Amino acid sequence: MKKGDHLFLVDGSGFIFRAFHALPALTRKSDKLPVGAVAGFCNMLWKLLTDARDTSVGVTPTHFAVIFDYSSKTFRKEIYPDYKANRQAPPEDLVPQFGLIREATRAFNLPCIELEGYEADDIIATYARQAEAIGADVTIISSDKDLMQLVTPNVHMYDSMKDKQISIPEVIEKWGVPPEKMIDLQSLTGDSTDNVPGVPGIGPKTAATLLEQFGDLDTLLARAHEIKQDKRRESILAAREILPLSKMLVTLKTDTPVGVPLGDLELKPQDGPRLVAFLKAMEFTSLTRRVAEVCGCDLASIEPAEVPIEWNGKAHGPDLDDPAAEAKAAPVTTPKEKSPGNGAGEIGQDAAHLPKAFAEGRAAALAARPVDHSTYETIRDPAHLNRFLTLVRETGLVAFDTETTSLDAMQAELVGFSLATIDNRTDPSSGTISACYVPVGHKSGTGDLLGGGLVENQIPIKDALAALKDLLEDETILKIGQNLKYDALLMRRYGIAVRAFDDTMLISYVLDAGNGTHGMDSLSERWLGHTPIAFKDVAGSGKGAVSFDQVDIARATAYAAEDADVTLRLWLLLKPRLAAEGLMRVYERLERPLVDVLARMEERGISVDRQILSRLSGELAQSAARIEDEIYELAGERFNIGSPKQLGDILFGKMGLSGATKTKTGQWSTSAQVLEDLAAAGEPLPRRIVDWRQLTKLKSTYTDALPGYIHPQTKRVHTSYAMAATTTGRLASSEPNLQNIPVRTAEGRKIRTAFIAEPGNLLVSADYSQIELRVLAHAAEIPQLVQAFADGIDIHAMTASEMFGVPVEGMPSDIRRRAKAINFGIIYGISAFGLANQLGIERSEAGDYIKRYFERFPGIKAYMEETKAKARDLGYVETIFGRRIHYPEIRSSNPSVRAFNERAAINAPIQGSAADVIRRAMIRMEPALEENRINARMLLQVHDELIFEAPEAECEKAIPVIRQVMEHAAMPAISMKVPLAVDARAAKNWDEAH
DNA sequence: ACGTACACCTA
DNA sequence: GTAGGTGTACGTC
């Protein structure tokens, strides 16, 4: 090698991993041998070598080598046994490709270099420095940041997959430091994938800032005490000992004993026939043809090469019938959930036959069969789909998941769907799970102007929907989903009903409310010990996000089929627990039937008048602007009123007002409470702030945000109800949240006038009166309360009368207000602190109230103590319908954590029972209306209120039916000791109906 | 871009 | 004192 020569060094090992994950999972047609990375590698080499011939473009290599890792035993492992310790075994599909890529390198007539004890990066570093010393140029074909430390004016990197050169400016742009400081930067940040320790909390940005400031790592360490940020300084000082080790690990060796001298890396002519023979063996038809053309070989006459392959020849993972896994599993009984709806009656029997070990046994069996992406099929033709559906019909159950263009089921378009089933219904623990993905609406990334650029080889959407309709509407096939309401609503929009289903999210919610969240990812982590592919890793996030139809089908298959696979596994684990733990009724009566009800409500949406909101927004803007001027005047300067920080500085710094309190982070508190107190002390500014906040809150959260939720086609607003978001059984509403539309102030109530009925219709609002206090009266069996509700007496006045000895007739409003606060406090798990806060009285006085209340209502005290004891003993409390809410931290040694959990545990049965009641009402409502031939559509639920839309002429008939259903919703499961009362009214808009 | 704090709307 | 969701500011990456 001489000055002016150009050495190309390909990071073979790096390429394999990157290509495997970035490129479609291609398999050899004849035997399903995975060859995606090999194909990518061959195409890349071919391109590099052909470009090299064309001397008019780019750089021309004179020397060329492909470098590989030899094994995981390296000198780094010697000095630090944890190095790359958390690296997982390569995916099964990748394993055979390591050898194949070496074979490919030889077929290209290129040197294939590896060295025991060293990583490819060290060999690359050594050659690069040697060549540089001679005066040659070097191009490293890799995008690995670990190699960036090698970049100099003569050593460049080239990312072949992105066709991007990485030289000094690119390194600085990406990492904020020049290449020679990359070692210091990597030492500081460490590398979680390779298990290289670094400074916790220091990422690339901070590291770059520090290196910019101090020059290099040694100086930084020597002058670490000068770092201003406390936390940063402490972390660096604490990591002082470990940093030299990190540096050793990230520093590439430039003196590895490479056996092949530089000169031997000279680029030799292409051996056309040899390369064609190899490519033919790989069955890469188009590349084979191209190579044959360029090399002038006769394609037909060349026999495929005999390529040695280290491959077990199987397309699936560990043996599912592994006797060891079998032995670990408990005896298995057959769950009888094939026909939904028959589960509720079997609680007794099933509980006896389903030992706790059952679920654990299944967990063990499933854990022994790790999720294996390589087994997933992409289904691209109807025949293939039919084969899969035959398997599904034999089994009678299938996990089902849709992939769409949007998280909003009302806007989403179907892009594909995944299915997973199991081949052995009698003993699902040992059956083989098959999962597939059926793309139907993937578009090509370039975005064809005509026809939307649908990717080829997808089942036509019409045919796919027909097949889905057959499957989903079939009562004899159990569909298993995770948050099926989403998929069901989507399918409804395509005219397809989902009949006979289970929902793993809801099963988990019934089993484990209070024990973490119920999303698929968290359930998978918790029960399967498996982290599914993150959506953002498939579709990107933030600015780089693409909708699912833009995702490469191979990646989509891995992601989507995995979701169905995981859902099926979760169902196998969780479903048996329902019966075993006596929760089948809760699931069958309070959860599953609500799915369709909510899907319909979401689909209907509610009409919102844009003009009204727009007019309100203008008014609010004007009022706010007026107040703003006054605020600046009073403050003596302009500032961001919306910034509590700036506001605090004005009020308590500049103006020096007294009565300041701090938030838990040490900022001045500018809460409404604080501002009210200041206003009461005669300060004019705080009142303005409170007013300004009210106006801007109404404007930004409601009048400005709501129009954005008007659906372009339906012209209505469709909220989304979360069934498993709260711990107590309540629903949650989002996008938009229609459960927090203002009502308290006259100003806020105006927002409600924008929620209107269609012409000729009215909105009917029906709400439970005092449902939580009624539930409390029932559950705690409080005679006075029961009597008061039976007599229809004002409950707060009655409470006040009992406590303060004032007659109910002519009750002073302030006394009643206090009693009302106490009643609410009881429901919330009262504390003197909280009551004092609420009423603005001393804690001691609040304590006295509570004491007096408990004296008058000893049953409440007893009930609260019983509830706390139950939570402590069992870890959960229950609603009157048997819904369980867990409090895993109820026995915390931290008194405030414990007290918080106790209050929540007291509240949960009350709030939760009320939530159960309205769920029952909602489930019965539509059949009841239909039976009475009333065309009223249930639109919204706001915890104790239901909102309907009905033709004007039918409202009078509708109200008694609605009231009847709601008031008797607890029956026959529970015969309540107090009547439930419902107020209902019809009007043109929500404000007047409420 | 993302997470957290704060504030504030509801039952 | 319970249960939620959302908008804005602001700090971090």
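Every chain is numbered from 1, with letters handed out A, B, ... down the list of sequences. Remember, predicted model here, so these are calculated numbers, not experimental data.
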Have a look at A:Phe824 and say if it touches a base, only the backbone sugar-phosphate, or nothing, with a 4.0 Å heavy-atom cut-off. nothing
As a test of reading the structure: which of C:dA3, B:dA7, B:dA11 is closest to the side chain of A:His943, going by heavy atoms? B:dA11
Mutual orientation of the aromatic rings belonging to A:His718 and A:His711 [parallel < 30°, tilted 30-60°, perpendicular > 60°]: perpendicular
Within 6.0 angstrom of A:Leu407 CG, more than 12 heavy atoms from elsewhere: no
Is the phosphate of C:dT8, meaning OP1 or OP2, less than 4.0 Å from a side-chain N or O of A:Thr696? no
Which nucleotide sits closest to the side chain of A:Arg730: B:dA11, C:dG1, C:dA9? B:dA11
Among C:dA3, B:dA11, C:dA9, which is the nearest nucleotide to the side chain of A:Asn640? C:dA9
Under-4.0 Å side-chain N/O to phosphate OP1/OP2 contact, A:Thr701 with C:dT6: no
Determine the minimum heavy-atom distance between A:Tyr509 and A:Thr727, stating which atoms define it. OH-C, 4.3 Å
At 4.0 Å (heavy atoms only), tell me whether A:Gly642 reaches a base, stays on the sugar-phosphate, or touches nothing. sugar-phosphate
Roughly how many Å is it from CD1 in A:Ile641 to C1' in C:dG7, rounded to a whole number? 16 Å
Establish, with yes or no, whether the OP1 or OP2 oxygen of C:dA9 is under 4.0 angstrom from a side-chain nitrogen or oxygen of A:Gln667. no
Report yes if a side-chain nitrogen or oxygen of A:Ser671 is closer than 4.0 Å to either non-bridging phosphate oxygen (OP1 or OP2) of B:dC8; otherwise report no. no
Looking only at non-hydrogen atoms, find the nearest pair between A:Val717 and A:Leu706 and report the distance. CG2-O, 4.3 Å
For the side chain of A:Asn907, counting heavy atoms from C-beta on, which of C:dA9, B:dA11, C:dA3 is nearest? C:dA3
Output the single nucleotide from C:dT6, C:dG1, B:dA1 whose closest atom is nearest the side chain of A:Gln838. C:dG1
For the residue pair A:Asp521 and A:Thr531, establish whether any side-chain heavy-atom pair is separated by less than 4.5 Å. no
Write down the distance between CG (A:Asp991) and P (B:dC9), rounded to a whole number of angstrom. 16 Å
Output the single nucleotide from C:dG7, C:dG4, C:dT2 whose closest atom is nearest the side chain of A:Thr726. C:dG4
Would you please say whether a donor-acceptor pair under 3.5 Å links the side chains of A:Glu735 and A:Thr719? no
What are the two closest non-hydrogen atoms of A:Leu785 and A:Ala777, and how far apart are they? CB-CB, 3.6 Å
With the criterion being N/O to N/O and under 3.5 Å, what pairs connect the protein with nucleotides 11-13 of chain C, and how long is each?
{"from": "C:dC13", "atom 1": "OP1", "to": "A:Gly201", "atom 2": "O", "distance (Å)": "3.1"}
{"from": "C:dC13", "atom 1": "OP2", "to": "A:Thr206", "atom 2": "OG1", "distance (Å)": "3.0"}

Of the candidates C:dT2, C:dC10, B:dA7, the side chain of A:Ser669 sits closest to B:dA7
